[in-house]
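Note that the structure is predicted; figures quoted are calculated from it, not measured. Atoms within a ligand are numbered from 1 in the order they appear, just like the ligands themselves.
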Amino acid sequence: MTQARSKLVVGNWKMHGNHAANAELLQGILAARPLGVDAAVCVPFPYLSEVAVTLANSGLAWGAQDVSAHEQGAYTGEVSAAMLMEFGCRYAIVGHSERRAYHGESDQIVADKAKAALARGITPIVCVGETLAQRQAGETEAVVKRQLSVVIHTLGQCIGEIVVAYEPVWAIGTGLTASPEQAQAVHAVLRAQLAAATARAAEMTLLYGGSVKPDNAAVLFSQPDIDGGLIGGAALKAADFVAIVRAAA
Ligand code: 13P
């Protein structure tokens, strides 16, 4: 049964931006964004404090792109969930495929990061997704289920509090979007897996990410198990991001 879940659109700025560009981008989004759709921007760590000031009471939420699995201590370069909380972060992306690929993040590290975020009241946006080789080998379902199962095992009943983002690696930054049917099929698999773990699965937010653009967002978001998007490149242009948020309205 299709549940009435509210949509969420999250911009992942990745390692882009500077003071002037961020201010212009946020002003553009705030000026034109439709009300009534939950939206957020996940920005590089150094800009969190100024983004928190700009977006205070705006209705547009903000988050980080990573969080340490550790509470505190001798972890040079890491940023804890407690620190993020001081900046009013609502979300932290964890397990993005770029971090899995370039920073060696295992399924367990990703799960531990999700747990650390939740412990401080920050909603982790847990990313899962297969590579092109894995899809071509028919392993998509097994890969995403393995990635999610470690998070389910680690979080227990708290699994109902996370957001999951399905981001096929082959669709990220490539202009190749999963078809609505391909994306929906994986989302249905993920929701069924969540349903076996929590009674809250039907209320959980499952985002799709990977070359979401203004012209493909509406059809993706209209799929029964797709509750919005995690947006990379198009989140860096105010008009495109706003159009994608509007597509979720
Ligand atoms: P693109 O929208 O640029 O494909 O990036 C998707 C993504 O990785 C969001 O986290």
Side-chain angles (χ1 to χ4, degrees), residues 7-17 21-22 25 29 37-45 47-48 51 60-67 84 89-103 105 110 113-114 117 122-132 134-135 140 143-144 147-148 151 162-180 182-183 186-187 190 205-221 223 226-248:
K7 301 279 191 216
L8 172 65
V9 176
V10 180
N12 174 9
W13 289 6
K14 307 194 180 184
M15 198 172 72
H16 293 287
N22 298 349
L25 177 54
I29 294 169
V37 182
D38 288 333
V41 290
C42 289
V43 308
F45 290 131
Y47 300 121
L48 274 171
V51 166
L60 184 63
W62 58 96
Q65 299 171 14
D66 187 27
V67 61
L84 295 180
C89 274
R90 173 96 180 270
Y91 299 101
I93 298 171
V94 300
H96 192 281
S97 62
E98 288 149 16
R99 295 213 57 89
R100 292 178 189 261
Y102 309 144
H103 301 274
E105 291 192 6
V110 172
K113 288 183 169 194
I122 294 167
T123 300
I125 301 174
V126 177
C127 302
V128 300
E130 82 287 2
T131 63
L132 184 58
Q134 288 166 332
R135 175 162 282 268
T140 298
V143 168
V144 298
Q147 291 172 332
L148 186 59
V151 185
I162 74 168
V163 169
V164 178
Y166 169 55
E167 296 210 317
V169 178
W170 49 271
I172 294 175
T174 59
L176 293 173
T177 316
S179 70
Q182 285 174 320
V186 177
H187 279 237
L190 295 171
T205 300
L206 306 191
L207 306 179
Y208 168 78
S211 298
V212 177
K213 306 290 178 204
D215 61 358
N216 61 22
V219 62
L220 284 160
F221 298 167
Q223 300 301 306
I226 300 182
D227 308 314
L230 183 54
I231 318 301
L236 298 173
K237 294 185 202 127
D240 285 1
F241 187 68
V242 165
I244 292 169
V245 174
R246 196 163 282 136

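Annotation: H96 places an N or O atom under 3.5 Å from an N or O atom of ligand 1; distance criterion only. Distances between N or O atoms of S211 and those of ligand 1 include at least one value under 3.5 Å. The distance criterion of under 3.5 Å between nitrogen or oxygen atoms is met by G173 with respect to ligand 1. Checking only distances, A234 never comes within under 3.5 Å of ligand 1, N or O to N or O. Where the criterion is an N or O separation shorter than 3.5 Å, residue side chain and backbone included, N12 meets it with respect to ligand 1.
Counting protein heavy atoms only, atom 3 (O) of ligand 1 is closest to G233 N, 2.8 Å. Nearest non-hydrogen protein atom to atom 2 (O) of ligand 1 is G232 N, 2.9 Å. Annotation: atom 9 (C) of ligand 1 to nearest protein heavy atom, E167 OE2, 2.9 Å.
For the 3.5 Å distance criterion, the side chains of H96 and E167 qualify, holding a donor opposite an acceptor.
Considering only heavy atoms from C-beta on, V43 stays 4.5 Å or farther from N22 through its side chain. At a threshold of 4.5 Å between non-hydrogen side-chain atoms, the residues V10 and N12 do not count as touching. Counting only heavy atoms from C-beta outward, the side chains of D66 and H103 never approach each other to under 4.5 Å.
Under the rule for a ring pair (Phe, Tyr, Trp, His ring centres under 6.0 Å), F221 has no partner lying at least two apart in sequence or in another chain.
Heavy atoms of K213 come nearer than 4.0 angstrom to ligand 1 in no pair at all. Contact annotation: A165 has no heavy atom less than 4.0 Å from any atom of ligand 1.
Residue G210 has at least one heavy-atom neighbour below 4.0 Å for each of these atoms of ligand 1: 4 (O), 6 (C). Short contacts between ligand 1 and A171, defined as distances under 4.0 Å to a heavy atom of the residue, involve ligand atoms 4 (O).
For the atom pair CD1 of I226 and OG1 of T205, the computed distance is 13.0 Å after rounding to the nearest 0.5 Å. Note that CG of L8 and OH of Y91 are 4.5 Å apart. Values are rounded to the nearest 0.5 Å.
Applying the side chain to side chain donor-acceptor pair (under 3.5 Å) rule to pairs touching residues 206-216 yields T177-N216, sequence neighbours excluded.
Under the 3.5 Å distance criterion, the side-chain polar atoms of Q65 are matched with a main-chain donor or acceptor of K14.
If you look at C127 next to ligand 1, there are no close heavy atoms at all, none under 4.0 Å.
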